[in-house]
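Just so it is clear: chains get the letters A, B, ... in the order the sequence lines come, proteins before strands, and each one is counted from 1.
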Amino acid sequence: LAKTTQPISMDSYEGQEVNITCSHNNIATNDYITWYQQFPSQGPRFIIQGYKTKVTNEVASLFIPADRKSSTLSLPRVSLSDTAVYYCLVVPADTGGFKTIFGAGTRLFVKA
Amino acid sequence: GAVVSQHPSWVICKSGTSVKIECRSLDFQATTMFWYRQFPKQSLMLMATSNEGSKATYEQGVEKDKFLINHASLTLSTLTVTSAHPEDSSFYICSARDGGGSGEKLFFGSGTQLSVL
């Protein structure tokens, strides 16, 4: 089970790009990198998933270097509503009996 | 994405009573669902894995007789907090797995805030 390390908290201002980096030095060959977002008193929401290089969707981009030992979630032009906790997880493709364990996450606070 | 419905959103009960929380996958079949517990400003803590048609697998330290899990169909799992006490007050969240051939993706319910008086 690949352990992940990410900053406990980050502050930003509206309109800025926010990059949250996650370290996962022990990532396995068949592991994917997945990010979730959680607002207070709500369940987490899937944001993006990637295996290598770059993935982009309507919400965010995910950059993964060639060694895959880290990944960066990029949120373009954040707004106040992006204030949330962001979790980075490493999950295998062959889930089988895999249990998703959440780390502490990164608390992003967007200021006006 | 897939939709998971969790009900109720919040519940207040007296100490000693039991509370049932439902988790439904609305547009996909979920052979596996997970139940989490979350305290304020903390991360999600996995309580148990619910498998359709079989007994749930509980994490270490979670009392299976207190937190009863039933996964009778491919779209419904329930968590019953039996003889609830104030220390059981917490935010409970369910999730369902949607693999689809790539890395696992989990889709979460909106959570249930339980307050035991």
Side-chain angles (χ1 to χ4, degrees), chain A residues 1-6 8-9 22 24 27-52 55 57-59 62 64 68 71 83-107 109, chain B residues 1-10 21 23-25 28 30-51 54 56-60 62 90-115:
Chain A
L1 181 63
K3 181 181 177 180
T4 60
T5 302
Q6 50 184 124
I8 294 296
S9 65
C22 178
H24 27 79
I27 190 168
T29 302
N30 67 336
D31 285 342
Y32 282 74
I33 299 152
T34 310
W35 285 80
Y36 293 89
Q37 175 192 55
Q38 185 183 26
F39 297 112
S41 299
Q42 294 186 29
R45 179 177 74 113
F46 171 84
I47 300 177
I48 197 166
Q49 183 181 79
Y51 184 80
K52 61 180 179 181
V55 179
N57 61 22
E58 64 278 6
V59 177
L62 180 59
I64 306 168
R68 304 198 329 122
S71 59
T83 294
V85 179
Y86 293 83
Y87 296 97
C88 164
L89 287 89
V90 173
V91 296
D94 179 14
T95 54
F98 181 76
K99 301 179 293 187
T100 300
I101 306 295
F102 280 75
T106 297
R107 291 186 174 274
F109 185 67
Chain B
V3 178
V4 174
S5 174
Q6 185 173 343
H7 179 81
S9 298
W10 58 271
I21 303 170
C23 181
R24 296 179 184 273
S25 56
F28 68 103
T31 55
T32 302
M33 291 185 176
F34 301 94
W35 288 94
Y36 293 83
R37 184 175 182 177
Q38 187 174 34
F39 292 106
K41 297 193 182 301
Q42 293 188 22
S43 185
L44 287 77
M45 181 186 76
L46 180 64
M47 297 175 66
T49 302
S50 170
N51 298 297
S54 64
T57 303
Y58 291 83
E59 294 301 299
Q60 189 174 6
V62 178
S90 186
F91 190 57
Y92 293 87
I93 310 169
C94 71
S95 70
R97 165 186 291 155
D98 183 5
S102 61
E104 172 184 285
K105 300 182 184 72
L106 288 183
F107 294 92
F108 290 81
S110 54
T112 298
Q113 182 64 52
L114 171 63
S115 297

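No part of Y51(A) comes within reach of chain B, as not one of its non-hydrogen atoms sits under 4.5 angstrom from that chain. Within the 4.5 angstrom heavy-atom criterion, only side-chain atoms of L46(B), from C-beta onward, approach chain A. Heavy atoms closer than 4.5 Å to chain A are found in the backbone of Q42(B), but not in its side chain. In this structure, chain A has a heavy atom under 4.5 Å from the side chain of I93(B), while its backbone stays farther away.
Under the rule for a side chain to side chain contact (heavy atoms under 4.5 Å, CB included), the partners of S43(B) that lie at least two apart in sequence or sit in another chain are Y87(A), F102(A). Residues passing the side-chain hydrogen bond (donor to acceptor under 3.5 Å, both in side chains) test with R45(A) are Q37(A), sequence neighbours excluded.
The structure places SG of C94(B) at 11.0 Å from CZ of R24(B), a figure rounded to the nearest 0.5 Å.
Residues F108(B) and Y36(B) are in side-chain contact: their nearest non-hydrogen atoms beyond the backbone lie under 4.5 Å apart.
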